[in-house]
Amino acid sequence: MENIIVIKSKAFAIRIVKLSKYLNDSKKEYVLSKQILKSGTSIGANVKEAIRGQSKADFYSKMNIALKEASETEYWLEILNETDYMDNVLFKSIYSDCEELIKILMSITKTQKCDS
């Protein structure tokens with residue numbers, strides 16, 4: 001059974017891929033969509049790497065990178081919203097998911113840092 005951060009980060013990555021496709025197809029926006037695609041899908045990739053980490057330090061490092069990518073994604077979502085590429089309903093939904101990931105990752109990295 002997979003843990004919650006693996007499940008949620010993968011689901012978020014899928015939403016980000018769909019958002020990027022929407023931005024490309026409907027809004028003809030290619031620069032910001034590429035940025036958010038990179039950072040938003042990197043969260044889950046780093047979480048998955050962390051799970052298979054070689055050591056506690058490796059686990060902590062990858063989870064910390066995932067947290068940084070989540071923070072970057074949060075920034076790009078704010079930019080897309082404030083430049084009217086996203087409506088408020090879509091923004092609030094995906095932004096809420098991003099904030100949830102950040103909280104979980106902060107908890108994981110804080111716990112791991114204390115244990116190291």
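Worth saying up front: this structure is predicted, and the values here are computed from it rather than measured.
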Answer yes or no: is there a side-chain heavy-atom contact under 4.5 Å between Thr109 and Tyr60?
yes

Counting N and O atoms only, with roles assigned by atom type, does the side chain of Ser20 sit under 3.5 Å from a partner on the main chain of Ile16, one being a donor and the other an acceptor?
no

Closest non-hydrogen atoms of Ser9 and Ile43, given as atom of the first, atom of the second and distance, are CB-CG2, 4.1 Å

Between the CD atom in Glu69 and the NZ atom in Lys62, the distance rounded to the nearest 0.5 Å is 10.5 Å

Rounding to 0.5 Å, atoms OG1 (Thr83) and CD (Glu78) come to a distance of 11.5 Å

Original post:
Hey, does the side chain of Glu29 reach the backbone of Ser33 with a donor-acceptor pair shorter than 3.5 angstrom?
Top reply: yes

Check your understanding: For Gln54, does its backbone N or O pair with a side-chain atom of Asp58 as donor and acceptor, under 3.5 Å?
Key -> yes

Rounded to the nearest 0.5 angstrom, the CD-CZ distance for Glu49 and Phe59 is 12.5 Å

d(Ser93 OG, Asn88 CG) to nearest 0.5 Å is 12.0 Å

Rounded to the nearest 0.5 Å, the CD1 atom of Ile104 sits from the NZ atom of Lys8 at a distance of 5.5 Å

- Following the transitive rule for hydrophobic clusters with a side-chain heavy-atom cut-off under 4.5 Å over Ile, Leu, Val, Met, Phe, Trp and Tyr, establish whether Ile79 and Leu90 coincide in one cluster. yes

Closest non-hydrogen atoms of Leu77 and Cys98, given as atom of the first, atom of the second and distance, are CD1-CB, 4.0 Å

Tightest non-hydrogen contact, residues Gly40 and Thr73, listed as N-OG1, 3.2 Å

Between Ser39 and Trp76, the two heavy atoms sitting closest are OG-CD1, 3.7 Å

When every non-hydrogen atom of Asp84 is compared with those of Lys27, the smallest separation belongs to O-NZ, 4.3 Å

>> Lys38 vs Glu72, test: side chain to side chain contact (heavy atoms under 4.5 Å, CB included). Steps then yes/no.
In response: CA-CA 10 Å; Lys38 284 176 155 182; Glu72 180 181 340; over 6 Å; no

For Tyr30 and Asn24 the tightest heavy-atom approach is CD2-OD1, 2.8 Å

Value for CG (Leu19) from CD1 (Ile36), rounded to nearest 0.5 Å, stands at 5.5 Å

Is there a side-chain contact between Leu23 and Tyr85 (heavy atoms, below 4.5 Å)? yes

Applying a strict under-4.5 Å side-chain criterion to I, L, V, M, F, W and Y, I'd like to know whether Tyr22 and Ile14 cluster together.
no

- prompt: Can you get from Leu67 to Ile65 by hopping between Ile, Leu, Val, Met, Phe, Trp and Tyr side chains that sit under 4.5 Å apart?
  reply: no

Let me check something: do Met63 and Ile7 share a hydrophobic cluster, defined by ILVMFWY side-chain heavy atoms less than 4.5 Å apart, either directly or through other members?
no

